[in-house]
There are 2 protein chains.
Amino acid sequence: MSDTSPRIDRPLPRVTLREGAAHALRQTVLTGRLAPGAPVVEAALARSLGISRAPLREAIRELLDEGLLVQHRAWGGVTVAPLDATVARELYTLRTALEVFAFEHVWDRRDDAFRSALSKSHAALTQAIDMRDDEASIAAEFALHNVVYEAAGHGLLLQSWSAIRGRLALYWAAHHRAHGRPGPRRDAHDDYIRHAIGPDLDAMREELHDHMQRGLSTVLRFIENRKEQAS
Amino acid sequence: MSDTSPRIDRPLPRVTLREGAAHALRQTVLTGRLAPGAPVVEAALARSLGISRAPLREAIRELLDEGLLVQHRAWGGVTVAPLDATVARELYTLRTALEVFAFEHVWDRRDDAFRSALSKSHAALTQAIDMRDDEASIAAEFALHNVVYEAAGHGLLLQSWSAIRGRLALYWAAHHRAHGRPGPRRDAHDDYIRHAIGPDLDAMREELHDHMQRGLSTVLRFIENRKEQAS
DNA sequence: GCTCTGTCGATTGTCGACAGTAGAACTTTG
DNA sequence: CAAAGTTCTACTGTCGACAATCGACAGAGC
């Protein structure tokens, strides 16, 4: 029983309107077309997407769980999550813990595929920075860290990381729009990669704390500037 | 401008059908009235709850995010999450990391209120075990660990813990129904409390790893027995 | 003038009905 | 009898309309 049909890598995603709406809404938030704090009105949004409110509501619930939208109480309406220094600090401290955990898990299982994926994504990040493509830089940085989380082979960890990643993207994207130069510095990940491939796990732990601390400082400075600019 | 109106403890909860349905469905899963692996059919459930499918669907999405339900693909139908040894291992390893993180955060801020809440919930747990009230034992153990997560004052951590807690409850509840004696051993948390109040953070870290390892072993044994019993 | 109350418009929460899909049951065909 | 094709059915995904709720505003009463 040979199959004459061409091999398909994976069944193409039967996309529902809810999934499409969630994706579109996510992009709208991350590109800032809906600014932090802006109200999200169901009827208007549904009309603009050309769908009914039912699937859109489910998509909104999805983004609420991701932390990109917030709802204060029932019938209160939902808004885009505002930028907040406390949340930013929590993002980076928890992210540090998760990434340390990821490295502890992957450490003894690091193979050539891991090292190659790491340096490959690092090269892509460097190139994106060189080309002054800020949006690509952000995506590349996510991809770089994603390599580690994927390699850990820990489903629950991956899920927790995803929950954080969404919020993080919100801050980076806002930063990106505010300045012309939003992406990470060109050499920001050199030490990170070096230690990630190296032999010393403790050194990697320390590097992670430093790396995150630097990232957090940048975000906090941005938030502070933004606040006094608003006043 | 003194307020003459009577003091109200808290604004009465404007509960929506979606919230009510989510709560009811969660209880149904955790009490095993819907066993792991069982299909969840919208129309039937909505009828039995006396509501329409729209709010129920949103409630189902909520439980999907909590990991209590799973959906393989669109139009595939959702089922109660099955018990799985790999997921159990992930639950306990990640939980260890989170709880270590929580203690690191709270360590220098431990005050009398913290210590009192801890010993209080420990007493409640011991009492529930003595009274052979298994359901109360589980609730009390959650409450005990919750004290730590709350005290850490880290919103994002609390959220990650909640995501894990739901799944954990699924395993504990199944274990609870299978055996007559499901709750933790009477002295299982003695060392935990002692170190949590004590001066040595490193000792607490080690105790956490041991504590979780013991819990994981119990759950894994249960899953294995369950599997061969099914065959 | 100030406070309270009733009303209105806008928005969210809910409903019943319809359309589309996947899998089971059945029929056909070699 | 087995394999492929064809209905059938139960279910999920989607829709438009209705009901409940909130915030703002205007008018009544003091």
Side-chain angles (χ1 to χ4, degrees), chain A residues 1-5 8 10-26 28-29 34 37-65 68-81, chain B residues 1-6 8 10-26 28-29 34-35 37-65 68-81:
Chain A
M1 49 173 278
S2 69
D3 191 349
T4 59
S5 63
I8 303 290
R10 54 179 181 183
L12 60 129
R14 292 281 177 203
V15 73
T16 61
L17 290 189
R18 169 180 52 78
E19 291 172 288
H23 182 75
L25 185 50
R26 199 176 290 118
T28 307
V29 169
L34 272 171
V40 176
V41 180
E42 293 181 3
L45 203 54
R47 241 195 348 265
S48 94
L49 288 171
I51 64 176
S52 79
R53 283 176 50 215
L56 175 62
R57 279 176 63 88
E58 297 185 4
I60 288 177
R61 292 277 142 210
E62 214 168 308
L63 295 217
L64 281 172
D65 277 317
L68 265 55
L69 305 179
V70 291
Q71 177 171 38
H72 296 86
R73 60 185 190 291
W75 288 282
V78 316
T79 58
V80 179
Chain B
M1 52 175 276
S2 68
D3 192 347
T4 60
S5 65
I8 302 290
R10 53 179 182 183
L12 57 130
R14 290 298 183 191
V15 73
T16 62
L17 290 189
R18 169 179 50 76
E19 291 171 289
H23 182 74
L25 185 51
R26 200 177 290 119
T28 306
V29 170
L34 272 172
V40 176
V41 180
E42 293 180 2
L45 239 174
R47 236 192 2 259
S48 93
L49 288 172
I51 63 175
S52 79
R53 284 177 50 218
L56 176 62
R57 279 176 63 88
E58 297 185 3
I60 288 177
R61 290 280 143 211
E62 214 169 307
L63 295 217
L64 280 172
D65 278 317
L68 266 52
L69 305 180
V70 291
Q71 176 172 39
H72 297 86
R73 59 188 189 292
W75 288 281
V78 317
T79 59
V80 179

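Numbered from 1 within each chain, the chains take letters A, B, ... in sequence-line order.
The separation between B/R73 atom CZ and C/dG20 atom P is 20 Å, rounded to whole Å. Atom CD of A/E58 and atom C1' of C/dG13 are 13 Å apart (whole Å).
From A/L34, atom CG reaches atom CG of A/L63 across 10.5 Å, with rounding to the nearest 0.5 Å. Rounded to the nearest 0.5 Å, atoms CZ (B/R53) and CD1 (B/I60) are 9.0 Å apart. Atoms CG and CG, from B/L49 and B/L17 in turn, are 9.5 Å apart once rounded to the nearest 0.5 Å. The structure places OG1 of A/T28 at 9.5 Å from NE2 of A/H23, a figure rounded to the nearest 0.5 Å. In this structure, CD on B/E62 lies 10.5 Å from CG on B/L64, to the nearest 0.5 angstrom.
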Could you list all N or O pairs between the protein and nucleotides 8-12 of chain C that sit under 3.5 Å apart?
from, atom 1, to, atom 2, distance (Å)
C/dT12, OP1, A/V40, O, 3.4
C/dT12, OP2, A/E42, N, 3.3

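Under the 3.5 Å distance criterion, the side-chain polar atoms of A/E58 are left unmatched by any main-chain donor or acceptor of A/P55.
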Does the side-chain contact (heavy atoms from CB on, under 4.5 Å) test come out yes or no for A/L25 and A/L68, once each step is laid out?
CA-CA 10 Å; A/L25 185 50; A/L68 265 55; over 6 Å; no
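Contacts between residues 16-23 of chain B and DNA chain D, defined by a heavy-atom separation under 4.0 Å, are absent.
Nucleotides of DNA chain D that come within less than 4.0 Å of any heavy atom of chain B span, from the 5' end to the 3' end, D/dC11 to D/dC22.
In this structure, A/T79 and A/L69 have side chains that are not in contact, with every pair of non-hydrogen atoms separated by 4.5 Å or more. You'll find the side chain of B/V29 stays beyond 4.5 Å of the side chain of B/R26, heavy atoms only.
A salt bridge links B/R57 with B/E42: at least one charged nitrogen is closer than 4.0 Å to a carboxylate oxygen.
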